[in-house]
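The structure appears right after this line, and notes come after that.
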Amino acid sequence: MNNSLDCTSASTFRLASYSDERVEQTVASNLACLKRILEYNLEHGLMFFRIGSDIVPFGSHAVNTFPWQTRFAPEFKAIGDYIKEHKMRVSMHPDQFVVLNSPNPDIVQRSVAELVYQGSMLDLMGLDSTAKLQIHLGGLYGDRDTAIARFIATWHTLPPEVQIRVVVENDDRLFSLRDCLELNAATGIPILFDNFHHECLNNGEPMAEALRLAAATWQPERDGIMMMDYSSQSHGERRGKHVASIEEDLFRDFLKELGDLDVDIMLEIKDKEASAHQACGIMRELTLLPPAPAGYEPPVFTPKQILEGDTAPKTRKPRAKKDKSATAQAEQLNPEAHN
DNA sequence: GGGTGTCAAGCATCG
DNA sequence: CGATGCTTGACACCC
């Protein structure tokens, strides 16, 4: 997401409101915003972005019969071309409902459908297997070994184009880095390392060592350099809750643990690009990043805004009203869509 | 136009 | 055993 822009790429609607027209309008709006976010990111030197899961409402749901893959093929391709042209990198993170190791076959089937949906967007963008789908190992169901074995069995059934994008993240309560390493040994699935989760749940591996163990599971030709999630504890809140805004001292300490390891860092921090700007500023200071892009002016937020996560423009664009002319135009262009 | 209950989906934990 | 948090809010209805 991006708090600085007056658009969202996660616009959706209720299942009860489903219509093909609504899908077409919403996807058009979401893709237009995604493009704007990527342009903003390029201007500000933010070269790694996690695309939201909600580009296509009900993208893996049986109700959605709209042929969005063909209708929006040019838009997806244009976005992918932009990403490749500027050597940016993207990932996606299907949410907690994707559980490949569930004992319930219906849940597994829906999970696979969701991975296929999200992977197909990356395919339509023409991105190679270094663009990843990041998921968790899943549930424990009282028996760790069986749970991991079931994940492996399901993973083997995935379509190859999905399989090659799947990476597994160490989580903060159930499956640690060690479990992910076991999974990697059996399947070759790269580990998306989360520093904060590792702090919450580990088997004694020091941070610097943990980073290197995870990095070694990424095959450079196939996977690119390691992706990782960075966050830290929100003070006075439940253990595992992400901070609202980056803590510069902790980030500097983390960079020391990272040393000369080359990674793509995704911040899981509430205020989004505000913290990303701060992190990039620190890394430029340390010459870990190239100088800022030409014409770059650091965004200015007051400490209060950053604290409250309120870095959005004061006036958001009013919600789009029902636009009869846009619908009419869409019908003209694609009369088959409304059967 | 602002406030708020609810939203497709899973799991573990809390009280 | 129902509510809660995860998480990235946003929709839709009420007033």
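Bear in mind that the values here come from a model prediction, so they are computed numbers and not experimental data. Just so it is clear: chains get the letters A, B, ... in the order the sequence lines come, proteins before strands, and each one is counted from 1.
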When the aromatic ring centroids of A/Trp68 and A/Tyr117 are compared, is their separation below 6.0 Å? yes
Can we say A/Glu75 and A/Lys35 salt-bridge, meaning some charged N sits less than 4.0 Å from an Asp/Glu carboxylate O? no
Check whether A/Phe76 forms a cation-pi arrangement with A/Arg71 (NZ or CZ under 6.0 Å from the six-membered ring centre, at most 45° off the ring normal). no
C/dA12 and C/dT8: how far apart are their P atoms, nearest whole angstrom? 23 Å
Is it the case that the side chains of A/His197 and A/Glu169 hold a donor-acceptor pair, with the cut-off being a distance below 3.5 Å and no angle test? yes
Taking Watson-Crick (N1-N3 plus N6-O4 or O6-N4) and G-U wobble (N1-O2, O6-N3), each under 3.5 Å, can you produce the dot-bracket string of DNA chain C? Use [ ] for crossing pairs and | for inter-strand ones. ||||||..|||||||
Integer-rounded Å distance: C/dT7 P and A/Asn3 CG: 16 Å
On a whole-Å scale, what distance lies between the P atoms belonging to B/dG5 and C/dA3? 15 Å
Cation over ring, A/Arg150 on A/Tyr141, under 6.0 Å and within 45°? yes
Taking 4.0 Å as the cut-off, does a side-chain nitrogen or oxygen of A/Arg50 come that near to OP1 or OP2 on C/dT7? no
For atom NE2 of A/His93 and atom C1' of C/dT8, their distance in whole Å: 10 Å
Work out how far the P atom of C/dC13 is from that of B/dA8, and round it to whole angstrom. 12 Å
Between C/dT8 atom P and A/Glu169 atom CD, what is the distance in whole Å? 10 Å
Between A/Ser120 and A/Gln69: side-chain donor-acceptor atoms closer than 3.5 Å: no
Under 4.0 Å protein heavy-atom contacts per nucleotide of nucleotides 8-15 of chain B, with B for base, S for backbone only and - for none: BBBSSS--
Can you tell me how far P of C/dT7 sits from CG of A/Leu267, to the nearest Å? 14 Å
Expressed in angstrom and rounded to an integer, what is the separation of A/Glu273 atom CD from C/dT8 atom P? 13 Å
C/dA12 phosphate, OP1 or OP2: any side-chain N/O from A/Ser17 under 4.0 angstrom? yes
Just how far, in rounded Å, is P of C/dT8 from CD1 of A/Ile269? 10 Å
Honestly, is A/Arg144 close enough over A/Phe175, meaning NZ or CZ under 6.0 Å from the six-membered ring centre and within 45° of the axis? yes
Grab the CZ-C1' distance between A/Phe196 and C/dC6 for me, whole Å please. 12 Å
C/dC6 versus B/dG2 - spacing of their C1' atoms, nearest Å: 28 Å
Please give the distance between the P atoms of C/dT7 and B/dT6 as a whole number of Å. 24 Å
Would you kindly give the CZ-to-P distance between A/Phe49 and C/dT8, to the nearest whole Å? 12 Å
Nearest heavy-atom neighbours spanning A/Arg284 and A/Pro290: NE-O, 3.4 Å
Can you check whether A/Lys270 has a side-chain N or O nearer than 4.0 Å to OP1 or OP2 of C/dT7? no
Contacts of A/Asp54 that satisfy side chain to side chain contact (heavy atoms under 4.5 Å, CB included) - sequence neighbours left out: A/Ala10
Measuring only between side-chain heavy atoms, which start at C-beta, is A/Leu42 closer than 4.5 Å to A/Tyr82? yes
